[in-house]
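Note sheet for the following structure.
Whatever order the structure lists them in is the order used to number ligands and atoms, beginning at 1. The analysis underlying the following values was restricted to heavy atoms, covering all of them including side chains, and did not include hydrogens, waters or symmetry mates.
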Amino acid sequence: MKESFSQRIRSGRAAIGTLITTDSAQVVEIMLACGYDWLFIDMEHATLSVADVQNLVQVAGGRCHTIVRVPENADVWIKRVLDTGCDGIMVPQVTSAADARRAVRAAKYPPLGERSVGLARAQGYGLSFTESVRTANAMTSVIVQVEHMKAVDGIEGILAVKGVDGVFIGPYDLSGSMNCLGEVQSDAVRGAITRVRAACRKADMPVGLFVLDAGAAKAQLDAGDTFIAVGIDLTTLATAARAALAKVRS
Ligand code: 3PY
Ligand code: MG
């Protein structure tokens, strides 16, 4: 059986990903050619539909892990996204143990949760139903986003929820909840991140983080993050395009 994303982020080998926000097979192929370990496909802040997500997951074709951020913590999104055959979900704005339980309930089949049963791509359109249902809970990762001070304050409760496979810190929303929007390198935000990281380490929970700037990513890995997402497809394009033009014009 292939390695699950959960196993990967527990393996000790850093998993480096990037955000995919465009409905572009070419972008996925480029990121695969670059060697990214996982794709963070974003439905929360992008225009991607469930059909778009399925196309992107098909293009990835199991060559790297695909984790899809659902628009919100709701079973109507979670079951449809998981039925595309992606490797797991990223759930935004998990601020309490109850939120984490809601995500697990929608993402894991009984007895661990109450995931609704489909006969879609993830189940081989019914052809591999028995096998996929048997392995789904182990193979499907539930990553909860800690990105609000309420979540930082309640981190131990969130970490105690069975079925949570990893914690992913969202520094930007976290900074907003601390009244210092965008100041992700401020002492206050860094302090909150350190608290979350320490709690995760104590609970033996993989922890990851989003960084816009690749220069900052190495420090996060050194601090103990086991998975990170560096940059967003369109910001990577925007930054490179502006830099190229500036170079030519200078
Ligand atoms: C945030 O920084 O708020 C994020 O959600 C990054 O993924
Ligand atoms: Mg966020």
Side-chain angles (χ1 to χ4, degrees), residues 5 9 14-22 27 31 36-48 53 56 64-74 77-78 81 86-96 99-100 102-103 141-155 158 164-197 200 205-217 219-221 223 225-239:
F5 189 65
I9 59 181
I16 302 170
T18 191
L19 265 95
I20 302 293
T21 65
T22 42
V27 168
M31 298 311 178
Y36 282 94
D37 302 307
W38 65 289
L39 300 180
F40 175 163
I41 301 174
D42 191 16
M43 295 181 78
E44 188 195 15
H45 291 293
T47 57
L48 299 177
V53 165
L56 299 176
C64 76
H65 287 112
T66 48
I67 301 295
V68 180
R69 177 159 65 182
V70 288
E72 64 170 319
N73 186 2
W77 288 113
I78 293 172
V81 163
C86 62
D87 294 298
I89 47 162
M90 175 87 68
V91 185
Q93 290 294 350
V94 169
T95 58
S96 64
D99 285 351
R102 182 176 313 125
S141 300
V142 176
I143 311 296
V144 298
Q145 274 205 273
V146 165
E147 49 181 352
H148 194 285
M149 266 317 283
K150 277 192 256 174
V152 176
D153 290 336
I155 187 66
I158 293 170
V164 170
D165 297 296
V167 162
F168 192 78
I169 301 167
Y172 286 88
D173 278 317
L174 180 60
S175 69
S177 80
M178 300 174 76
N179 286 325
C180 52
L181 183 60
E183 294 171 30
V184 295
Q185 294 298 343
S186 65
D187 287 348
V189 174
R190 284 158 75 115
I193 290 172
T194 302
R195 268 177 67 193
V196 174
R197 207 178 262 135
C200 288
M205 179 67 76
V207 59
L209 182 115
F210 169 72
V211 279
L212 196 51
D213 165 29
Q220 307 304 331
L221 292 176
D225 290 350
T226 59
F227 63 118
I228 55 171
V230 190
I232 304 169
D233 51 5
L234 291 183
T235 59
T236 302
L237 175 65
T239 311

Of the protein N/O/S atoms, how many lie under 2.8 Å from the Mg ion (ligand 2) | 2
Run the salt-bridge test on Arg102 and Asp99 with the 4.0 Å N-O cut-off and return the result as yes or no.
-> yes
Report the distance from atom CD of Gln185 to atom CD1 of Ile193, rounding to the nearest 0.5 Å.
-> 7.5 Å
Where do Leu39 and Cys64 come nearest, in terms of heavy atoms and distance?
-> CG-SG, 3.6 Å
Over all heavy atoms of both residues, which pair between Val70 and Glu44 is shortest? Give the atoms and the distance, please.
-> O-CB, 3.9 Å
Measure across Ile89 and Ile67 and return the closest heavy-atom pair with its distance rounded to 0.1 Å.
-> C-CG2, 3.9 Å
Heavy-atom side-chain contact between Asn73 and Ile78 under 4.5 Å | yes
Kindly say whether Thr66 contributes a backbone atom to a donor-acceptor pair with the side chain of Asp87 at under 3.5 angstrom?
-> yes
Chain-and-number sorted residues having a heavy-atom contact under 4.0 Å with ligand 1 are Phe40, Arg69, Gln145, Glu147, Phe168, Gly170, Pro171, Tyr172, Asp173, Phe210
How are the rings of Trp38 and Phe5 set relative to one another: parallel (under 30°), tilted (30 to 60°) or perpendicular (over 60°)?
-> tilted
Phe40 and Phe210: aromatic ring centres closer than 6.0 Å?
-> no
